[in-house]
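To keep things clear, I will list the structure first and then write my remarks on it.
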Amino acid sequence: ARTVANAGSDQQVCDGTLITLSGNAPVYAGETGAWSFAPTNTGVGGSITTPSDPGSTFTGTAGETYILRWTLTNGLVCTPSFDEVEITIDENPTVAAAGLDQVGATAVCGTSTSLTATPATVGSGLWTIVTGDGNGAFVDPTLATTIFTGSAEFTYTLRWTTSNGVCASTLDEVDIE
């Protein structure tokens with residue numbers, strides 16, 4: 001007799017998060033389990049702390065996706081049973097930097113101004129309006145150096161937020177007067 005292997009649910013975590021695997025335990029006498037990298041794995045690096053432990057921890061490299069295989073074996077007579085799990089480790093996003101406030105002489109005259117946030121090299125960025133008259137608009141809110149158009153009589157606080165996968169977002173704000 002043999003137990004049918006179950007490697008647990010796929011996981012998506014942020015870099016630095018402890019990854020605990022959740023394979024099912026062997027049930028029958030003489031049955032053993034082992035974690036390994038699946039033949040289809042393309043993740044670079046990575047380490048299974050205790051390959052024979054169904055609840056072993058796993059460490060990998062940020063930005064990589066791993067396919068791990070949990071195999072249950074019971075002697076030479078029974079065919080081994082295996083199941084695979086995908087582990088994705090997201091990188092922390094680029095720290096948001098919205099640029100300098102634009103007030104008085106540093107602001108562009110009229111109703112439009114060029115924003116100067118630092119582009120997100122890891123993850124993506126998004127501009128939003130925090131305060132203002134509600135009539136402001138971005139040419140492309142996903143571009144760090146987009147054009148913002150608003151009403152000349154209002155002061156705006158604009159937020160540049162960077163995010164990547166399940167990692168915590170970062171944000172920074174700039175005032176446009």
Side-chain angles (χ1 to χ4, degrees), residues 7-23 35 37-38 40-50 55-69 84-177:
S9 299
D10 292 348
Q11 296 184 50
Q12 183 176 7
V13 300
C14 189
D15 186 29
T17 302
L18 179 64
I19 301 165
T20 302
L21 302 175
S22 56
W35 285 105
F37 290 95
T40 56
N41 177 62
T42 58
V44 176
S47 175
I48 301 164
T49 308
T50 311
S56 179
T57 56
F58 174 78
T59 57
T61 303
E64 296 288 333
T65 297
Y66 300 89
I67 308 294
L68 303 180
R69 178 177 282 186
E84 296 175 350
V85 63
E86 182 175 282
I87 308 291
T88 302
I89 305 173
D90 292 332
E91 291 181 75
N92 283 301
T94 302
V95 175
L100 299 174
D101 290 344
Q102 297 182 29
V103 181
T106 63
V108 175
C109 294
T111 59
S112 295
T113 189
S114 296
L115 301 176
T116 59
T118 301
T121 56
V122 174
S124 59
L126 181 67
W127 283 106
T128 55
I129 300 170
V130 178
T131 62
D133 73 342
N135 291 323
F138 304 95
V139 170
D140 183 343
T142 64
L143 292 178
T145 56
T146 193
I147 303 293
F148 174 75
T149 303
S151 300
E153 67 272 14
F154 292 99
T155 297
Y156 293 88
T157 299
L158 308 178
R159 178 177 293 159
W160 176 241
T161 303
T162 59
S163 58
N164 189 40
V166 298
C167 295
S169 299
T170 68
L171 60 92
D172 191 29
E173 296 177 347
V174 62
D175 290 330
I176 309 295
E177 293 182 23

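Because only heavy atoms are used, hydrogens play no part in the values below, and waters and symmetry mates are left out as well, while side chains stay in. What you see is a predicted model; the values in this text were computed from it and never measured.
For the pair T157 (side chain) and D175 (backbone), a donor-acceptor distance under 3.5 Å is absent. Without hydrogens or angle criteria, T170 side chain to A96 main chain gives a donor-acceptor distance under 3.5 Å. The main-chain N or O of C14 is found under 3.5 Å from a side-chain atom of T17 such that the two form a donor-acceptor pair. A donor-acceptor contact shorter than 3.5 Å links the side chain of D172 to the backbone of A98. In this structure a side-chain-to-backbone donor-acceptor pair under 3.5 Å is present from T94 to T121.
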Apply the test side-chain contact (heavy atoms from CB on, under 4.5 Å) to residues I67 and F37: give CA-CA distance (whole Å), side-chain angles for both, the deciding distance (0.1 Å), then the verdict. CA-CA 6 Å; I67 308 294; F37 290 95; over 6 Å; no
Run the side-chain contact (heavy atoms from CB on, under 4.5 Å) check on F58 and V85 step by step: do they pass? CA-CA 12 Å; F58 174 78; V85 63; over 6 Å; no
Can you check side-chain contact (heavy atoms from CB on, under 4.5 Å) on L158 and V130, steps first, answer last? CA-CA 6 Å; L158 308 178; V130 178; over 6 Å; no
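For F148, the ring pair (Phe, Tyr, Trp, His ring centres under 6.0 Å) test picks out F138, Y156, with sequence neighbours left out. S56 is linked by a side-chain hydrogen bond (donor to acceptor under 3.5 Å, both in side chains) to nothing, counting only residues two or more places apart in sequence or in another chain. Evaluation of the side-chain hydrogen bond (donor to acceptor under 3.5 Å, both in side chains) rule for T50 yields no partner, not counting sequence neighbours. Checked against side-chain hydrogen bond (donor to acceptor under 3.5 Å, both in side chains), S9 has no partners two or more places apart in sequence or in another chain. By the salt bridge (Lys or Arg N to Asp or Glu O under 4.0 Å) test, E64 pairs with no residue at all, sequence neighbours left out.
The heavy-atom pair separating G55 from T20 by the smallest distance is O-CG2, 3.6 Å. Taking each heavy atom of V44 and Y66 in turn, the nearest pair found is O-OH, 2.6 Å. The minimum heavy-atom distance between I147 and S114, with the atom names listed, is CD1-OG, 3.3 Å. Here the closest non-hydrogen pair linking E91 and C167 is O-SG, 3.3 Å. Residues S169 and S163 come closest through the heavy atom pair OG-CB, 3.3 Å. Residues V122 and N92 share a closest heavy-atom pair of CG1-O, 3.2 Å.
Aromatic ring pairs are classed by plane angle as parallel below 30°, tilted from 30° to 60° and perpendicular above 60°; the pair W160 and W127 is tilted.
Residues R69 and N41 are not in side-chain contact: their nearest non-hydrogen atoms beyond the backbone lie 4.5 Å or more apart. By the 4.5 Å heavy-atom criterion applied to side chains, L68 and E84 are not counted as neighbours.
Distance check, rounded to the nearest 0.5 Å: OG1 of T145 to CG of L115 gives 8.5 Å. Atom-to-atom distance recorded for E86:CD and Q12:CD is 9.0 Å, nearest 0.5 angstrom. Here the CG atom belonging to L21 is positioned 7.0 Å from the CD1 atom belonging to I48, to the nearest 0.5 angstrom. Between the OG1 atom of T65 and the CG atom of D90 there is a distance of 8.0 Å, given to the nearest 0.5 Å.
In this structure, a donor-acceptor pair under 3.5 Å is present between the side chains of T49 and T57. Between the side chains of S47 and T59, no donor-acceptor pair of N or O atoms lies under 3.5 Å. When only modelled atom types and interatomic distance are considered, T155 and E177 share no side-chain donor-acceptor pair under 3.5 Å.
Pairs of residues two or more places apart, or lying in two chains, that qualify as salt bridge (Lys or Arg N to Asp or Glu O under 4.0 Å) and include a residue from residues 148-161 are R159-E173.
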